[in-house]
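Note on naming: letters A, B, ... go to the chains in the order of the sequence lines (proteins, then strands), and numbering restarts at 1 for each one.
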Protein chains: 2
Amino acid sequence: MSRPLPPPEDVPDVPVFARHDHARCAEGALAAAEAMAAAAGLRLTPVRRRTLEILLESHRAMGAYEVLERLAAEGFGRQPPVAYRALDFLVEQGFAHRIRRLNAFAACTRPGTDHQPVFLICRGCNAVAEAPGAEARAAVEAAATAVGFRVERASLEAAGLCPACAGAAAASSDAVR
Amino acid sequence: MSRPLPPPEDVPDVPVFARHDHARCAEGALAAAEAMAAAAGLRLTPVRRRTLEILLESHRAMGAYEVLERLAAEGFGRQPPVAYRALDFLVEQGFAHRIRRLNAFAACTRPGTDHQPVFLICRGCNAVAEAPGAEARAAVEAAATAVGFRVERASLEAAGLCPACAGAAAASSDAVR
DNA sequence: CATAGAGTGTTACTAAATAACATGTCAAGG
DNA sequence: CCTTGACATGTTATTTAGTAACACTCTATG
Ligand SMILES: [Zn+2]
Ligand SMILES: [Zn+2]
Ligand SMILES: [Zn+2]
Ligand SMILES: [Zn+2]
């Protein structure tokens with residue numbers, strides 16, 4: 001049922017940290033998810049679809065309970081499993097990612113591509129971007145192999161400041177000076 | 001107060017996934033922590049010391065509440081902050097690491113060395129090893145820099161099977177065959 | 001002998017995650 | 001046409017993780 005995914009180069013990157021037409025950005029991700037789900041015979045049901053839309057509203061990571069609040073307000077179930085099931089589905093299908101450092105979830109910015117990103121988490125604006133992670137993953141794999149460890153999944157997450165927030169921080173420390 | 005740390009090569013590596021004299025291993029880590037704390041003028045108080053000892057009993061990661069249970073049973077406080085404060089201290093001083101994938105803590109196997117490990121987490125036996133992470137970190141740094149992101153901290157964690165558990169899994173799937 | 005800081009303990013709460021069970025929908029298969 | 005089973009959704013209830021805020025005790029330092 002699952003066809004080979006296109007290589008990352010075939011899909012335009014999302015400049016999370018730059019100004020961009022986000023409405024279009026979200027729309028595209030949703031369309032991609034819909035197409036993939038249809039092709040794979042999966043059901044992108046109302047809760048699941050709405051959950052993805054909620055995540056897609058921004059490039060922030062959202063906690064399951066934050067998502068749940070939104071779903072509940074819109075007439076879906078109001079108990080934790082409702083949110084967790086929808087989020088787990090999205091993560092399994094690669095429409096969203098789990099950000100372990102934050103115990104939170106973010107919509108994937110490159111759904112449908114074969115990608116193993118490094119997550120860049122800005123502590124200023126809470127945005128989460130996906131940087132190409134092939135090299136970093138290879139290095140992790142090599143380090144593991146050296147001691148006979150077989151890697152199944154890896155989470156590579158970096159916390160710091162995005163360009164805009166770093167600029168703002170520099171400016172304010174100038175002001176103090 | 002803080003002196004330059006010795007490069008990783010000067011301290012023997014801990015073969016977490018191999019049979020080793022663990023009593024000696026734990027003892028060494030504790031001694032190193034004591035020496036460092038003394039040198040830095042930090043107080044390795046009874047709760048903190050005992051918390052480290054508990055983590056050092058195995059190479060597993062332990063949840064804060066699991067540690068707390070042990071502390072409480074030994075006459076220390078029985079409320080969450082008791083465990084969290086001791087664990088936070090150990091992490092800050094580099095005597096332990098936080099494993100975000102597991103929401104848990106593990107004693108550092110190379111305390112006192114300048115290291116930025118990749119954590120290898122075995123899903124079979126729950127052991128956590130530290131593999132050299134310089135290359136992987138450089139790759140993450142490079143990926144981040146490419147989009148103007150300034151990395152402050154990174155968590156690199158791989159889940160999979162250690163040599164022993166991978167061997168056992170292979171054997172049992174042979175048995176089925 | 002103040003008194004300020006660090007460390008430890010408490011109560012009380014918020015947040016994250018899962019187990020277990022009841023109900024509804026719908027597509028085969030008889 | 002009516003089972004039957006898979007899947008999705010909803011619930012209640014509980015466990016696990018993490019923090020805020022306050023009180024008490026030490027131990028310097030002036
Ligand atoms: Zn966007
Ligand atoms: Zn992605
Ligand atoms: Zn050991
Ligand atoms: Zn370490």
Side-chain angles (χ1 to χ4, degrees), chain A residues 1 33 37-38 40-52 54-55 60-93 95-106 126 155 157 159, chain B residues 1 33-34 37-38 40-52 54-55 60-93 95-106 123 126 155 157 159:
Chain A
M1 197 105 295
L42 296 164
R43 301 174 48 190
L44 191 57
T45 59
V47 222
R48 292 171 174 176
R49 192 193 147 99
R50 192 67 195 112
T51 300
L52 180 53
I54 289 169
L55 289 182
R60 280 174 46 234
M62 293 180 80
Y65 281 69
E66 199 181 345
V67 171
L68 177 59
E69 243 176 59
R70 295 283 309 272
L71 291 175
E74 297 178 22
F76 295 100
R78 39 185 60 262
Q79 302 306 323
V82 170
Y84 280 103
R85 284 196 286 236
L87 289 166
D88 289 347
F89 170 86
L90 296 176
V91 169
E92 259 159 44
Q93 303 313 319
F95 302 155
H97 296 289
R98 185 168 203 148
I99 310 297
R100 307 212 90 113
R101 243 188 127 82
L102 304 178
N103 287 114
F105 302 80
N126 290 310
S155 31
E157 304 178 346
Chain B
M1 197 106 291
E34 260 167 357
L42 296 164
R43 299 175 50 189
L44 190 57
T45 59
V47 221
R48 293 172 174 175
R49 192 193 148 99
R50 191 68 195 112
T51 300
L52 180 53
I54 289 169
L55 288 183
R60 280 174 48 231
M62 293 179 80
Y65 281 69
E66 197 181 346
V67 170
L68 177 59
E69 244 177 59
R70 295 283 309 273
L71 290 174
E74 298 177 21
F76 293 100
R78 41 185 61 263
Q79 302 306 325
V82 169
Y84 280 103
R85 286 197 285 236
L87 289 166
D88 288 347
F89 170 86
L90 296 175
V91 169
E92 259 160 45
Q93 303 314 320
F95 302 156
H97 296 288
R98 186 170 202 144
I99 311 297
R100 308 213 89 112
R101 242 189 127 82
L102 304 178
N103 287 116
F105 302 80
R123 68 169 163 81
N126 288 310
S155 32
E157 304 178 346

For [X] and [N], what is the distance between atoms [atom1] and [atom2] respectively, to the nearest whole Å?
X: Leu71(B); N: dT10(C); atom1: CG; atom2: P; value: 11 Å
X: Phe76(B); N: dG7(C); atom1: CZ; atom2: P; value: 15 Å
X: Leu42(A); N: dA6(D); atom1: CG; atom2: C1'; value: 14 Å
X: Leu87(B); N: dT19(D); atom1: CG; atom2: C1'; value: 14 Å
X: Leu44(A); N: dC7(D); atom1: CG; atom2: C1'; value: 15 Å
X: Glu92(A); N: dA8(D); atom1: CD; atom2: P; value: 10 Å
X: Leu68(B); N: dT8(C); atom1: CG; atom2: C1'; value: 13 Å

Give every pair of a protein N or O atom and an N or O atom of nucleotides 11-19 of chain C that lie under 3.5 Å apart, one pair per line with the distance.
| unit_1 | atom_1 | unit_2 | atom_2 | d |
| --- | --- | --- | --- | --- |
| dT11(C) | OP2 | Gln79(B) | NE2 | 3.3 |
| dA16(C) | N7 | Tyr65(A) | OH | 3.2 |
| dA17(C) | OP1 | Arg98(A) | NH2 | 3.0 |
| dA17(C) | OP1 | Asn103(A) | ND2 | 3.1 |
| dA17(C) | OP2 | Tyr84(A) | OH | 2.9 |
| dA17(C) | O5' | Tyr84(A) | OH | 3.3 |
| dA17(C) | N7 | Tyr65(A) | OH | 2.6 |
| dA17(C) | N6 | Tyr65(A) | OH | 3.4 |

If every non-hydrogen atom of Val67(B) is compared with every non-hydrogen atom of Ile54(B), which pair is closest and at what distance? O-CD1, 4.5 Å
Between Ala33(B) and Phe95(B) the two heavy atoms that sit nearest each other are O-CZ, 3.6 Å
For dG10(D), does OP1 or OP2 lie under 4.0 Å from any side-chain N or O of Arg78(A)? no
Distance from [X] atom [atom1] to [Y] atom [atom2], nearest 0.5 Å?
X: Asn103(A); Y: Asn103(B); atom1: CG; atom2: CG; value: 5.0 Å
X: Leu87(B); Y: Met62(B); atom1: CG; atom2: CE; value: 9.0 Å
X: Gln79(A); Y: Tyr84(A); atom1: CD; atom2: OH; value: 12.5 Å

Under 4.0 Å between a Lys/Arg side-chain N and an Asp/Glu carboxylate O for [X] and [Y]?
X: Glu92(B); Y: Arg98(B); answer: no
X: Arg101(B); Y: Glu157(A); answer: no
X: Arg70(B); Y: Glu74(B); answer: yes

Any donor-acceptor N/O pair, Arg48(B) side chain to Arg43(B) backbone, under 3.5 Å: yes
How does protein reach along nucleotides 22-30 of chain D, written 5' to 3' as B (base within reach of a heavy atom under 4.0 Å), S (only sugar-phosphate), or - (no contact)? ---------
